[in-house]
Amino acid sequence: MESRHDDRSRQITTGFDVRMNTVDEIVSTSAGDTLSLETRKDFPVLHQEINGHQLIYFDNAATSQKPSQVLDAIQHYYQHDNANVHRGIHELSNRATLGYESARERTAEFINANSAQEIIFTRGTTEAVNLLASSLSQSVLKPDDTILITEMEHHSNMVPWQMVAERTGASLKYLPVKDTQGALDLEHLDKWMTPDVKIFSCVHISNSLGTINPVKQLCAKARSVGALTFVDGAQSAGHYPVDVQDIDCDFYAFSGHKIVGPTGIGVLYGKRNILEQLPPYQGGGEMISEVGYDGPSFKKAPHKFEAGTPNMSGAVGLAAAMDYIDAIGRKEIFEHDRSLAEYFYREVKSIPGTQVYGPEQNRAGLVSFLIGGMHSHDVVTLADQKGIALRGGHHCTQPLMKKFGVTGTARASFYFYNNRQEIDRSLEVLAHIQKRFGD
Ligand code: 7TS
């Protein structure tokens, strides 16, 4: 199966060039609601009423919606190319293998990895962190070592390290978040980045605050003390120009379902020389080079990390999602999401008694807030009655919420198909909710 990159790009009529962009370029670009106008037609799920109102989908940090181009790619795979990969030497198996391995190459291109050998397919970000933590616990971590993460990590980049620390006797430390504006304590890095730190793991964009962490600088600092570096890209891969060689992290992970791709497929990127030295995560078919009753020998990376029948249709759908995203451009997506978030942040804050979390500027496209006197779940339930999908709760960052002294927040998270009209409507609804039920 040939790469669909060009075909898919043509199907999307946004007219943007496919290229990587720098952060400086992002800041100087302005974007209106053009993206929303041009892309909404591709998303069938958006065209429906919920509780008698036009759906407003603001839960994109949890999962994104899928365009027809991705749905078609998956259907095409099952209708024409489905077979198991690698095993059979027949035409369908060859096509399935080509589709799967082309998706690996497409992924390498998407994050500017040096080669497709550096791309491991997983079920998602969560499995990627578990794979890495498990493998490093067997090969790198010793009882006197330290794993350094941050206080704003999602549970999936916290619990696996807590489990591994427990198992290996290594210490787990947390780089502090300064306040509810959500910046890391970058002024005291020397205190935290010490030679005992063997692994530094950090979220790129916070899912509960919208903070964009300076991961390139953080990874450079961690590397200077000899630590391996991991960046959780679940909220950045589909929203922000990502270049893993520029960040110079050793590992980076993201989930397909958050970047308009299918569920059940994700990516762990790892530098090739390091992956070759790490032990496998799970054992089974496809990951061995030879097996005897006395034991196995393993394939090279990435295949030694992919035991069992992989998610072929997921990989094909993921490649279609990447084509779709790149045809728009992540610089344009970022600018669009950021301008919606800054607008929402400003306006929601002016609703009496409302508290907002995360940075006011230079933020990603999601906003956490609390309406005075109301539980976040009540805000979300009332908004749902008007067709607005928000998320309420701790957003799998429970320790951070505890630090802020709250059980959770309501969160509106945006993507390129959202627009100002939707925000104005949701602000109207939230103001009404506050008036009726808030303090
Ligand atoms: N890391 C971050 C920063 C995330 O936001 C999420 C999911 C994950 C890891 C885990 O991704 P998964 O695809 O493996 O589940 N975040 C959210 C969220 O904010 N609401 O629901 C899921």
Side-chain angles (χ1 to χ4, degrees), residues 57-66 107 111 120-134 149-163 174-175 177 182 184 200-213 215 218 229-240 242 247 249 251-269 281 311 314-315 317-318 321 337 341 357-358 363-369 376-377 380 389-401 407-415:
Y57 187 75
F58 282 169
D59 196 17
N60 293 286
T63 199
S64 64
Q65 298 301 349
K66 323 299 170 200
T107 306
I111 56 172
I120 300 164
F121 284 127
T122 63
R123 280 195 297 127
T125 309
T126 303
E127 190 179 47
V129 184
N130 278 279
L131 185 164
L132 186 62
S134 161
I149 66 174
T150 82
E151 285 183 341
M152 68 170 81
E153 297 311 314
H154 186 278
H155 293 168
S156 59
N157 192 29
M158 185 177 285
V159 178
W161 299 117
Q162 290 174 332
M163 290 163 67
Y174 300 87
L175 189 61
V177 170
L184 289 172
F200 172 66
S201 184
C202 178
V203 69
H204 194 176
I205 291 178
S206 157
N207 70 310
S208 53
L209 296 170
T211 310
I212 305 168
N213 287 317
V215 285
L218 286 165
T229 56
F230 170 76
V231 174
D232 173 353
Q235 298 294 343
S236 61
H239 293 261
Y240 194 80
V242 170
I247 296 171
C249 49
F251 307 98
Y252 177 92
F254 64 98
S255 302
H257 71 96
K258 291 189 201 282
I259 68 159
V260 309
T263 45
I265 185 97
V267 172
L268 174 64
Y269 155 83
Y281 171 50
N311 185 349
L318 178 66
D337 297 355
Y357 297 85
R363 58 161 27 264
L366 60 95
V367 180
S368 269
F369 61 96
S376 64
H377 285 174
V380 172
L390 303 172
R391 167 112 196 241
H394 52 63
H395 314 296
C396 298
T397 54
Q398 209 167 20
L400 184 70
M401 295 291 136
T407 52
T409 65
R411 181 186 68 186
S413 54
F414 312 111
Y415 216 179

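Counting convention: from 1, in listed order, for ligands and their atoms alike.
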Next item on the list: Using distance alone, with no hydrogens and no angle criterion, decide if Ser208 and His395 have a side-chain donor and acceptor under 3.5 Å apart.
Entry: no
Notebook entry, point to check: Within the side chain of Thr63, is there an N or O that forms a donor-acceptor pair under 3.5 Å with the backbone of His257?
Noted result: yes
Item checked: Distance filter under 4.0 Å to Val203 heavy atoms, resulting ligand 1 atoms -> 3 (C)
Notebook entry, point to check: Taking all non-hydrogen atoms of both residues, which atom of Leu184 and which atom of Leu175 are closest, and how far apart?
Noted result: CD2-O, 4.0 Å
Next item on the list: Record the part of Thr125 in heavy-atom contact with ligand 1 below 4.0 Å; permitted values are side chain, backbone, both and neither.
Entry: both
Note to self: Tell me whether Lys258 reaches ligand 1 (any heavy atom closer than 4.0 angstrom to a ligand atom).
What the structure shows: yes
Checklist line | Audit row: Phe200, Leu218, side-chain contact (heavy atoms from CB on, under 4.5 Å) steps and yes/no | finding: CA-CA 9 Å; Phe200 172 66; Leu218 286 165; 3.7 Å; yes
Next item on the list: Would you mind running through ligand 1 and noting each atom that sits below 4.0 Å from a heavy atom of Ser156?
Entry: 1 (N), 8 (C), 9 (C), 10 (C)
Checklist line | Donor-acceptor contact present, side-chain Thr211 to main-chain Ser206, <3.5 Å | finding: no
Notebook entry, point to check: Looking at Phe369 versus Tyr357, is the centre-to-centre ring distance below 6.0 Å?
Noted result: no
Item checked: Heavy-atom nearest neighbour in the protein, as seen from atom 14 (O) of ligand 1, with distance rounded to 0.1 Å -> Thr126 OG1, 2.6 Å
Check: Under 3.5 Å, is there a donor-acceptor pair between the side chain of Gln235 and the main chain of Ala61?
Finding: yes
Check: For ligand 1, which part of Ala234 has a heavy atom less than 4.0 Å away: the side chain, the backbone, both, or neither?
Finding: side chain
Next item on the list: Do me a favour and list the nearest non-hydrogen protein atom to atom 4 (C) of ligand 1 with residue, atom name and distance?
Entry: His154 CD2, 3.4 Å
Margin query: I'd like to check whether His395 has a polar contact with ligand 1, where a contact means an N/O of the residue lying under 3.5 Å from an N/O of the ligand.
Written below: no
Next item on the list: Tell me which part of His257 gets within contact of ligand 1: side chain, backbone, both or neither, using heavy atoms under 4.0 Å.
Entry: side chain
Note to self: Among Thr150, Asn157, Ile149, Asn207, which residue satisfies the side chain to side chain contact (heavy atoms under 4.5 Å, CB included) criterion with Asp232?
What the structure shows: Asn157
Next item on the list: Using a strict 4.0 Å cut-off to heavy atoms of Ser255, name the atoms of ligand 1 that fall inside it.
Entry: 11 (O), 12 (P), 13 (O), 14 (O)
Check: Should Asp232 be listed as contacting ligand 1, given a heavy-atom distance under 4.0 Å as the test?
Finding: yes
Next item on the list: Using a strict cut-off of 4.0 Å, indicate which atoms of ligand 1 neighbour a heavy atom of Gln235.
Entry: 3 (C), 4 (C), 5 (O), 16 (N), 19 (O)
Check: What part of Arg391, side chain, backbone, both or neither, has a heavy atom within less than 4.0 angstrom of ligand 1?
Finding: side chain
Next item on the list: Check for a donor-acceptor pair, side chain of Glu151 on one end and backbone N or O of Val177 on the other, with a separation under 3.5 Å.
Entry: yes
Margin query: Show, in sequence, the C-alpha distance, side-chain angles and deciding distance for His204 and Tyr252, and conclude whether the side-chain contact (heavy atoms from CB on, under 4.5 Å) test is met.
Written below: CA-CA 9 Å; His204 194 176; Tyr252 177 92; 4.2 Å; yes
Check: Using heavy atoms and a threshold below 4.0 Å, how should the contact between Arg411 and ligand 1 be classified: side chain, backbone, both, or neither?
Finding: side chain
Margin query: If you measure every N or O of Asn207 against every N or O of ligand 1, does any of those distances drop under 3.5 Å?
Written below: yes
